[in-house]
Amino acid sequence: MRDLGKGFGFLLQGQRWVGRHGRWFGFGLLPGLVTLVLYAGALVGLAYGADDLTAWATPFADDWSSPWQGLFRGFLTALVFALGLFLAVITFTAVTLLVGQPFYESLSEEVDRSEGGRVPESGLPFWRELWISARDSVRIVLRVAFYGVLLFALGFVPVIGQTVVPVLGFCVSGYFLTEELTAVALQRRRLPLKERLRLLRGRRMMALGFGVPLTLAYLVPFVAVFLMPGAVAGATLMARELAPDPEDEPRPEPAAGPGTPSSAPYGLHKD
């Protein structure tokens, strides 16, 4: 449970960090605003075109009598829009991170710099980093979609579907949201997706403490845009704990032996 609070603490620290660095907060807002406009336009278009899409996909219902045709196509229209909304929710962070790759890379580097020590760099060209981010994001979205379908099916189980399943859904979303956000800093440390997932599995409660509150906050319209800069900053602080740089760790004192003063500098010995 201690890790649960620690993860939430990183989330708060990230929001405080961008609050103290207003320029970086504004810098980090831009990708989220661009993505929000794109998604809003796509959802409005879907809302207007869902009826026509449903009618085109169900020509066999053209001769159905009222009210069955209207009820059937109305249900499918609502289902299409719900599916579009679900896809928008689970892909928003991934798309925002892709759109804002250089923005969030710079923000994450600045957080590392402000905390002291070496600032890790991937050493890869921009196009290569973008390709790795896109590839890994697709893998994560597919994982989330798989669990989403599974939990949707379990939602029809009496009692469990109305109590346990929603909680599991938020935990799954929060866990993978943490992975997507920490990937900005961990990718600069040359850690592949498999290794990043291994690190998060080892600190699962910390990942949930960070990601679940953020997932709940994202349910409020437009909140995701304003929390993204602080979420990236907090995820960078978490990444520093998940994969600390050996150069930042204190070196152990040499063991005192005959003729070797305990205060001798590391690596030096007297004859």
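Quick caveat, the model's predicted, so the values are computed rather than measured. What's counted below: heavy atoms across the whole structure, side chains too, no hydrogens, waters or symmetry copies.
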For [X] and [Y], which heavy atoms make the closest approach, and how far apart are they?
{"X": "V225", "Y": "G32", "answer": "CG2-O, 3.7 Å"}
{"X": "T178", "Y": "A207", "answer": "OG1-O, 2.8 Å"}
{"X": "V212", "Y": "C171", "answer": "CG2-CA, 3.9 Å"}
{"X": "L43", "Y": "F81", "answer": "O-CE1, 3.7 Å"}
{"X": "G14", "Y": "A233", "answer": "O-CB, 3.8 Å"}
{"X": "R190", "Y": "P192", "answer": "O-CD, 3.6 Å"}

Find out whether [X] and [Y] are in side-chain contact, i.e. whether some heavy atom of one side chain is under 4.5 Å from a heavy atom of the other.
{"X": "K6", "Y": "R203", "value": "yes"}
{"X": "R20", "Y": "F25", "value": "no"}
{"X": "T93", "Y": "Y218", "value": "yes"}
{"X": "R73", "Y": "W64", "value": "no"}
{"X": "Y175", "Y": "R201", "value": "yes"}
{"X": "L214", "Y": "L181", "value": "yes"}
{"X": "D63", "Y": "Q69", "value": "no"}
{"X": "L197", "Y": "R143", "value": "yes"}

Determine, using the 4.5 Å side-chain heavy-atom cutoff (strictly less than), whether [X] and [Y] are members of one ILVMFWY cluster.
{"X": "L216", "Y": "F210", "value": "yes"}
{"X": "V172", "Y": "L219", "value": "yes"}
{"X": "Y147", "Y": "V149", "value": "no"}
{"X": "V37", "Y": "Y48", "value": "no"}
{"X": "F222", "Y": "V220", "value": "yes"}

Can a donor-acceptor pair be found between the side chains of [X] and [Y] at a distance below 3.5 Å?
{"X": "T215", "Y": "S173", "result": "no"}
{"X": "Q101", "Y": "S133", "result": "yes"}
{"X": "S114", "Y": "W17", "result": "yes"}

Heavy atoms from other residues, nucleotides or ligands near [atom1] of [X] exceed 12 (cutoff 6.0 Å):
{"X": "D62", "atom1": "CG", "result": "yes"}
{"X": "F72", "atom1": "CZ", "result": "yes"}
{"X": "L154", "atom1": "CG", "result": "yes"}
{"X": "R2", "atom1": "CZ", "result": "no"}
{"X": "F8", "atom1": "CZ", "result": "no"}

N-O pairing of [X] and [Y] below 4.0 Å:
{"X": "D112", "Y": "R240", "answer": "yes"}
{"X": "R139", "Y": "D136", "answer": "yes"}
{"X": "E129", "Y": "R188", "answer": "no"}

Can you tell me how far the [atom1] atom of [X] sits from the [atom2] atom of [Y], to the nearest 0.5 Å?
{"X": "I132", "Y": "Q187", "atom1": "CD1", "atom2": "CD", "value": "5.5 Å"}
{"X": "T236", "Y": "R113", "atom1": "OG1", "atom2": "CZ", "value": "12.0 Å"}
{"X": "L130", "Y": "R135", "atom1": "CG", "atom2": "CZ", "value": "12.0 Å"}
{"X": "L30", "Y": "T96", "atom1": "CG", "atom2": "OG1", "value": "12.0 Å"}
{"X": "L46", "Y": "L53", "atom1": "CG", "atom2": "CG", "value": "7.5 Å"}
{"X": "L79", "Y": "T54", "atom1": "CG", "atom2": "OG1", "value": "9.0 Å"}

Is there a donor-acceptor pair closer than 3.5 Å between any side-chain N or O of [X] and the backbone N or O of [Y]?
{"X": "R196", "Y": "L191", "result": "yes"}
{"X": "Q13", "Y": "L237", "result": "no"}
{"X": "R204", "Y": "L200", "result": "no"}

Open item on the list: Applying side chain to side chain contact (heavy atoms under 4.5 Å, CB included) to M228 and L97, what does each step give before you reach the verdict?
Closed with: CA-CA 9 Å; M228 274 295 291; L97 290 174; 3.8 Å; yes

TODO: Quick one: do L242 and M206 satisfy side chain to side chain contact (heavy atoms under 4.5 Å, CB included)? Show the steps, please.
DONE: CA-CA 10 Å; L242 288 170; M206 187 168 72; 3.7 Å; yes

Open item on the list: Strictly by ring-ring contact (aromatic ring centres under 6.0 Å, His included), give each pair with a member in residues 87-111 just once, sequence neighbours left out.
Closed with: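 Output for this query lists F27-F103, Y39-F92.
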
- [ ] Apply side chain to side chain contact (heavy atoms under 4.5 Å, CB included) to E110 and L107, showing your working.
- [x] CA-CA 5 Å; E110 185 63 26; L107 192 157; 5.7 Å; no

Open item on the list: Test side chain to side chain contact (heavy atoms under 4.5 Å, CB included) on L142 and F146; report intermediate values, then the result.
Closed with: CA-CA 6 Å; L142 289 176; F146 169 77; over 6 Å; no

